[in-house]
Protein chains: 2
Amino acid sequence: MNLKELAKLLELSPTTVSRALNGYPEVNANTRERVTAAARKYGYAPNQVAKRLATGRSHTIGHVIPISGHQMINPIFAEFMAGAGEVYSTRSYDSILSVVPETEEADAYRTLVANRKVDGVIVHGPHINDYRIDLLQELGLPFVVHGRDTRPESEYSWLDMNNRRAFLRATDFLLDLGHRRIALLNGIETHNFAARRHQGYQDALTRRGVPYDPALVFAADMVEPLGYDSTRKMLADDNPPTAIITSSIMVALGVLRATGELGLHSGRDISIITHDDDLSYLPNGGAVPLFTATRSSVRGAGRRCAEMLMDIIESADRSPQHELWEADLTVGRSTGPCPEGLKYG
Amino acid sequence: MNLKELAKLLELSPTTVSRALNGYPEVNANTRERVTAAARKYGYAPNQVAKRLATGRSHTIGHVIPISGHQMINPIFAEFMAGAGEVYSTRSYDSILSVVPETEEADAYRTLVANRKVDGVIVHGPHINDYRIDLLQELGLPFVVHGRDTRPESEYSWLDMNNRRAFLRATDFLLDLGHRRIALLNGIETHNFAARRHQGYQDALTRRGVPYDPALVFAADMVEPLGYDSTRKMLADDNPPTAIITSSIMVALGVLRATGELGLHSGRDISIITHDDDLSYLPNGGAVPLFTATRSSVRGAGRRCAEMLMDIIESADRSPQHELWEADLTVGRSTGPCPEGLKYG
DNA sequence: GGAGGCCTCCAAAGCGCTTTGGATGGTTGC
DNA sequence: GCAACCATCCAAAGCGCTTTGGAGGCCTCC
């Protein structure tokens with residue numbers, strides 16, 4: 001069943017049927033009624049491809065996922081998509097996913113534009129100074145960045161968590177408990193979020209006049225072994241940390257594995273705070289959560305980014321929008337006062 | 001730059017240009033040369049939407065991701081998509097992602113078909129008797145299942161790992177090491193893969209005449225706390241297991257956390273074998289991997305499923321294709337002989 | 001030398017929708 | 001009573017590609 005057939009059945013022109021269905025004003029209320037009823041009855045659904053060709057709008061959002069040299073795919077991404085996807089389907093948008101080698105990422109955006117495949121894109125994991133933002137502005141493709149880079153924030157649309165403040169608060173929390181040797185297991189610091197987290201950590205130390213020790217800071221892919229290896233390493237040194245801040249639960253689990261092997265109890269012998277993206281397969285809940293954590297829902301961010309982008313696409317005014325989310329600091333079982341003997345370690 | 005403009009520049013008809021670019025035989029070799037050169041020079045890329053409308057083919061693969069009641073999104077999915085996505089981009093297919101509530105999954109497939117949005121779909125995580133296979137056959141949409149359900153295997157296309165054999169081998173391996181109390185931490189057993197794993201485990205026990213103890217079998221979402229909680233529970237009972245088989249590294253990490261807290265060394269006091277989907281963010285490598293594991297690459301499965309589906313779509317003959325992959329059994333540090341005192345526990 | 005065949009190329013008709021630019025007929029205002 | 005004006009509807013021209021059904025020219029073969 002297509003438009004023409006439906007029109008014939010109704011003894012109307014395709015024009016009128018199209019307008020009736022798309023809510024244009026120049027059609028009689030009764031006619032519109034008849035048309036919508038018939039459409040429902042015969043199960044008419046407009047061919048999206050034809051619609052796209054005619055309107056030039058694709059009703060599709062693009063997500064370009066680079067596969068980096070180390071072949072690591074960001075586990076956070078699936079959760080983000082779960083959130084964004086919910087919103088897409090309620091507003092009947094599609095999303096297309098381009099998984100490409102990092103080196104071909106720019107090309108991927110260009111073809112997306114050249115082939116008019118998408119009305120807009122979401123940019124994931126921005127780097128310190130991210131060329132993709134320039135590229136997209138140049139291409140004139142609407143976009144929302146999940147995160148920020150370093151340019152003036154008013155120049156583009158983004159949604160970010162306050163990474164600096166979250167890690168400042170986490171560090172402060174540990175300082176309040178008497179810890180002075182606090183390690184940071186961070187993500188790769190060319191990613192802007194990681195750089196900001198580092199900043200927050202460092203700011204907190206500086207404010208209290210606690211010396212910054214580079215030997216306590218690690219930055220790498222946020223996988224479990226990062227937590228395990230760096231913890232084993234630090235705890236084998238003299239003057240080890242009494243507290244560890246990690247950038248993801250995965251890393252925190254690695255820390256726990258290392259401390260477990262050494263017979264240390266987290267929350268007593270050593271304190272751990274992790275950032276928690278609230279991933280569905282890494283729960284940190286219960287009456288008293290396993291980890292004390294700064295928490296911000298990535299799925300929620302996905303939902304909101306999708307909404308922002310669709311709003312931008314659909315509105316005439318394309319002025320940038322921003323949202324800065326604060327993370328919760330929730331107390332769990334993994335933190336406690338600094339052990340007396342180690343207090344000024 | 002569109003076809004017509006390019007044709008004008010070349011002083012050729014759109015017909016000929018189109019044919020030259022799409023490799024039809026009825027065009028002179030020199031002409032074809034000229035056309036492709038010009039296309040490259042002017043950066044001409046055919047409008048995919050127009051192409052789709054004209055051909056009726058969408059060059060797009062669909063992935064419908066149900067969000068289940070527990071709001072858990074399958075972490076394996078991202079990795080699968082990384083593999084599939086690689087292949088899509090090299091063969092210049094797109095993939096669209098529909099994230100929908102579980103209850104609306106059938107509708108999602110129907111609209112995909114009604115709107116001719118995809119040429120085929122990949123079905124993820126099939127259940128014991130999966131209605132989606134019936135639905136897709138009824139809708140006449142080409143599809144490949146990642147996994148199998150319980151119907152005759154010749155009736156549809158699938159790629160699966162030999163879950164039964166993998167878990168049979170894992171169980172055998174532990175039995176060979178003298179273990180007799182072997183626990184299984186499985187996924188939800190309405191998923192076919194989990195049911196088959198259970199089967200393999202049970203078959204191995206039966207063959208050796210080792211009694212099957214339901215108290216040693218858990219089935220739930222494969223998250224870290226499943227490993228932790230069930231291990232704590234089992235080890236608190238009298239007659240605890242001396243070995244544990246888990247369905248994912250995430251669960252195995254939970255086991256390790258529990259045993260770590262109890263001061264048990266894996267590979268000595270307790271043995272652990274896990275299935276390893278070879279997820280990029282859960283590495284289990286190194287000279288001697290942390291876990292002894294049955295391993296099969298989900299990313300590889302993604303690649304292959306995508307290829308199979310595209311082949312099916314592009315070939316005239318649509319007879320079902322199947323592939324059954326065997327998992328490797330790689331030995332790591334988490335297994336060892338059953339401690340003497342517990343040998344016939 | 002004319003029929004038949006092959007190699008190249010092209011005009012034009014779709015694919016299914018939107019949208020521009022009227023047409024039609026009934027109302028309104030003076 | 002006539003012009004101006006709505007409210008409704010429609011014909012037809014795209015959107016950018018593919019594909020059908022030739023057409024024209026040259027070669028071959030008897």
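First the proteins, then the strands, lettered A, B, ... as listed; each starts at 1. This one's a predicted model, so the numbers in the text were calculated from it and none came from an experiment.
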A.B. asks: Separation of B:Met1 atom CE from D:dC15 atom C1', in whole Å?
C.D. replies: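 B:Met1 atom CE is separated from D:dC15 atom C1' by 17 Å.
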A.B. asks: How close or far is atom P of C:dT20 from atom CD of A:Glu26, stated in whole angstroms?
C.D. replies: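 Distance, rounded to whole Å: 10 Å.
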A.B. asks: Does the pair A:Arg304/A:Glu307 count as a salt bridge with the N-to-O cut at 4.0 Å?
C.D. replies: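 Yes, A:Arg304 and A:Glu307 are salt-bridged.
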A.B. asks: Rounded to the nearest Å, what distance is computed from the CZ atom of residue B:Arg57 to the P atom of nucleotide D:dG16?
C.D. replies: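 Distance, rounded to whole Å: 22 Å.
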A.B. asks: CG/B:Asp277 to CD/B:Glu79 distance, rounded to the nearest 0.5 angstrom?
C.D. replies: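 So the gap between those two atoms works out to 8.5 Å.
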A.B. asks: Has A:Asp149 got a side-chain atom pairing as donor or acceptor with A:Arg151's backbone, closer than 3.5 angstrom?
C.D. replies: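 Between the backbone of A:Arg151 and the side chain of A:Asp149 there is a qualifying donor-acceptor contact (under 3.5 Å).
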A.B. asks: Nearest nucleotide by nearest heavy atom, which residue falls closer to the 5' end of DNA chain C, B:Pro25 or B:Thr55?
C.D. replies: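 First, find each residue's nearest nucleotide; the 5'-ward one identifies B:Pro25.
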A.B. asks: Rounded to the nearest 0.5 Å, what separation is found between the CD atom of B:Gln321 and the CD1 atom of B:Ile312?
C.D. replies: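 Going from CD on B:Gln321 over to CD1 on B:Ile312, the span is 4.5 Å.
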A.B. asks: Where along residues 2-22 of chain B does a heavy atom come under 4.0 Å from DNA chain C, residue by residue in number order?
C.D. replies: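 Result for residues 2-22 of chain B: B:Glu11, B:Leu12, B:Ser13, B:Thr15, B:Thr16, B:Arg19, sorted by number.
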A.B. asks: Where along residues 44-53 of chain B does a heavy atom fall under 4.0 Å from DNA chain D?
C.D. replies: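 Contacting residues: B:Tyr44, B:Pro46, B:Asn47, B:Ala50, B:Lys51.
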A.B. asks: Specify the separation, in whole Å, of atom OH of B:Tyr24 and atom P of C:dC6.
C.D. replies: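 Atom OH in B:Tyr24 sits about 21 Å away from atom P in C:dC6.
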A.B. asks: Would B:Thr15 and B:Ser18 count as having a side-chain donor-acceptor pair, cut-off 3.5 Å?
C.D. replies: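 Per modelled atom types, B:Thr15 and B:Ser18 side chains form no pair under 3.5 Å.
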A.B. asks: Once rounded to the nearest 0.5 Å, what's the spacing between atom CG of B:Asp278 and atom CD1 of B:Ile76?
C.D. replies: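 It is 11.5 Å, given to the nearest 0.5 Å.
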A.B. asks: Under a 4.0 Å threshold between the charged nitrogen and the carboxylate oxygen, would A:Arg52 count as salt-bridged to A:Asp119?
C.D. replies: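 No, this pair does not count.
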A.B. asks: Identify whether the distance between the nearest side-chain nitrogen and carboxylate oxygen of B:Glu138 and B:Arg132 falls below 4.0 Å.
C.D. replies: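 Not counted as a salt bridge, because no side-chain N and carboxylate O are separated by less than 4.0 Å.
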A.B. asks: Looking at C:dC9, I'd like to know if its phosphate oxygens (OP1 or OP2) sit under 4.0 Å from a side-chain N or O belonging to B:Thr31.
C.D. replies: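 Affirmative; the distance criterion is met.
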